[in-house]
Amino acid sequence: MTTSITDTRHIDPLAPQRPFEYDDGVIRVCHLEHRWGRNDCAPMIARTRHFHVCTVAGRLEIRHWLGAEEIDNDLTGLLLDELFTPGLLSGTDMFERVFTGVVRSTVPDALGAWSSFYRNTIRKVRACWQRPGAGGGQISDMAPVYSRALRLVPPGHVLDLGSCFGFFPLLLAETGRHHVTASDVVGGSMELLSQVVKERRAQLDTLVCDAASVPMPDNSFDTVTLLHLIEHLPHDHARAVIHEAVRLASKWVVIAVPFEDEPDPAYGHIQAFNIRELRALGHEAGRPFTVSEYHGGWLILDTE
């Protein structure tokens with residue numbers, strides 16, 4: 001049985017919830033040790049290593065027994081491996097709701113749950129810098145990308161486009177050498193990042209906008225970064241985003257992509273890139289550029 005949801009109801013990562021439970025009106029996620037008396041005989045769709053998938057009163061309920069110390073961005077792979085790749089659940093909307101629900105249901109309060117998620121993820125990123133490739137997973141894959149981007153971005157004003165959770169702009173801000181603005185089209189992600197930044201006492205601005213239409217003047221930033229963004233965008237939208245980055249950057253545009261033979265739909269990729277494709281993007285941008293390979297591909301545009 002495959003359960004898919006496409007629902008217009010907004011996902012609010014900080015919405016008030018009962019402790020150890022997430023219920024957004026579409027799905028319910030709860031911790032197995034804190035089920036508030038849920039019926040243990042509820043019809044079960046499937047049981048995996050970490051999850052029970054049930055129906056309660058005709059609604060989907062995901063139960064889990066993950067601890068707060070286990071929640072980080074490698075939850076992406078865990079959900080894909082156990083629930084989505086086997087076909088038990090499907091759809092981007094469903095994935096985002098389950099992801100949010102698992103994080104929220106591990107710690108009683110909203111900010112505490114997300115602060116733990118960010119703290120665990122950043123700690124694991126830094127551990128991967130000390131032991132490259134340790135552990136595998138999404139964090140291990142991205143850690144060297146973050147490391148190289150940190151080395152490439154000089155001090156100054158930096159805009160990160162398509163920040164999602166904002167791990168890279170947060171890492172950049174915590175160096176103390178940059179004035180950083182994170183941006184994303186999803187307002188909830190930017191509000192969440194703003195709250196976590198305050199808790200971590202870092203300095204970082206956020207901006208809600210389409211990466212192809214940023215409401216800022218030309219040359220507003222020294223450097224604009226696009227890390228693993230354009231593989232998620234259609235061809236024309238990706239080119240528009242790069243054009244916008246060139247408009248906004250007075251010095252550099254730093255673009256990183258994964259190299260794939262085919263786009264990986266599990267991670268929402270709809271374009272695949274190689275060295276030849278990156279060179280074509282550089283020529284289209286009309287600025288001096290370099291292309292290189294390091295845990296994927298890199299296109300650096302000189303906009304001075």
Side-chain angles (χ1 to χ4, degrees), residues 5-17 22 24 26-27 29 71-77 79-80 91-107 109-122 124-125 138-139 142 145-146 149 158-174 180-200 202-216 221 224-233 237-238 241 244-245 256 267-270:
I5 292 176
T6 300
D7 195 281
T8 58
R9 274 173 278 191
H10 177 61
I11 301 172
D12 183 352
L14 294 168
Q17 299 282 349
Y22 171 85
D24 61 9
V26 178
I27 64 165
V29 182
I71 298 299
D72 54 43
N73 205 40
D74 281 340
L75 178 61
T76 298
L79 293 177
L80 289 173
T92 301
D93 182 73
M94 173 74 84
F95 182 89
E96 292 175 354
R97 292 180 189 279
V98 175
F99 191 106
T100 300
V102 172
V103 174
R104 285 295 310 271
S105 57
T106 57
V107 174
D109 68 285
L111 188 55
W114 287 109
S115 293
S116 179
F117 168 78
Y118 274 84
R119 183 168 56 253
N120 293 342
T121 300
I122 296 297
K124 191 179 284 189
V125 167
Q138 177 88 344
I139 295 173
M142 288 303 298
V145 176
Y146 296 150
V158 182
L159 170 66
D160 183 64
L161 293 174
S163 300
C164 190
F165 283 119
F167 300 126
F168 175 68
L170 182 56
L171 287 163
L172 196 64
E174 291 184 341
V180 183
T181 300
S183 70
D184 200 273
V185 71
V186 180
S189 296
M190 293 297 91
E191 175 60 24
L192 174 59
L193 180 59
S194 294
Q195 294 300 318
V196 170
V197 163
K198 291 178 185 176
E199 193 269 342
R200 293 179 68 93
Q203 296 295 317
L204 184 151
D205 297 325
T206 60
L207 184 62
V208 179
C209 63
D210 185 327
S213 182
V214 180
M216 298 292 287
F221 303 91
V224 177
T225 56
L226 299 78
L227 305 186
H228 286 222
L229 169 62
I230 60 174
E231 67 271 17
H232 297 272
L233 306 176
H237 194 183
V241 168
E244 185 74 339
Y267 289 95
H269 299 175
I270 59 176

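Between R104 and V29, every side-chain heavy-atom pair lies at or beyond the 4.5 Å cut-off. Between F167 and I122 the shortest side-chain heavy-atom distance falls below 4.5 Å. Side-chain contact between S115 and R200: absent, with no pair of heavy atoms (C-beta onward) separated by less than 4.5 Å.
The side-chain contact (heavy atoms from CB on, under 4.5 Å) test with F221 is passed by exactly one of V158, L159, D160: L159. Under the side-chain contact (heavy atoms from CB on, under 4.5 Å) rule, S189 has a single partner from L192, V186, V185, which is V186.
Within 6.0 Å of CD in E199 there are more than 12 heavy atoms belonging to other residues, nucleotides or ligands.
Taking CD1 from I71 and OH from Y118, the interatomic distance works out to 14.5 Å, rounded to the nearest 0.5 Å.
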side-chain contact (heavy atoms from CB on, under 4.5 Å) evaluation trace for L14 with W114:
CA-CA 9 Å; L14 294 168; W114 287 109; 4.0 Å; yes
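Scanning all heavy atoms of the two residues, the minimum distance from L171 to Y146 falls at CD1-CD1, 3.9 Å. When all heavy atoms of A256 and E231 are compared, the pair lying nearest together is O-OE1, 4.4 Å.
Not a single side-chain hydrogen bond (donor to acceptor under 3.5 Å, both in side chains) links D109 to another residue, sequence neighbours left out. Applying the salt bridge (Lys or Arg N to Asp or Glu O under 4.0 Å) test to E244 and every residue at least two apart in sequence or in another chain returns R247.
For residues 184-198, there are no salt bridge (charged side-chain N to carboxylate O under 4.0 Å, His left out) pairs, not counting sequence neighbours.
Under the 3.5 Å distance criterion, the side-chain polar atoms of D74 are matched with a main-chain donor or acceptor of I139.
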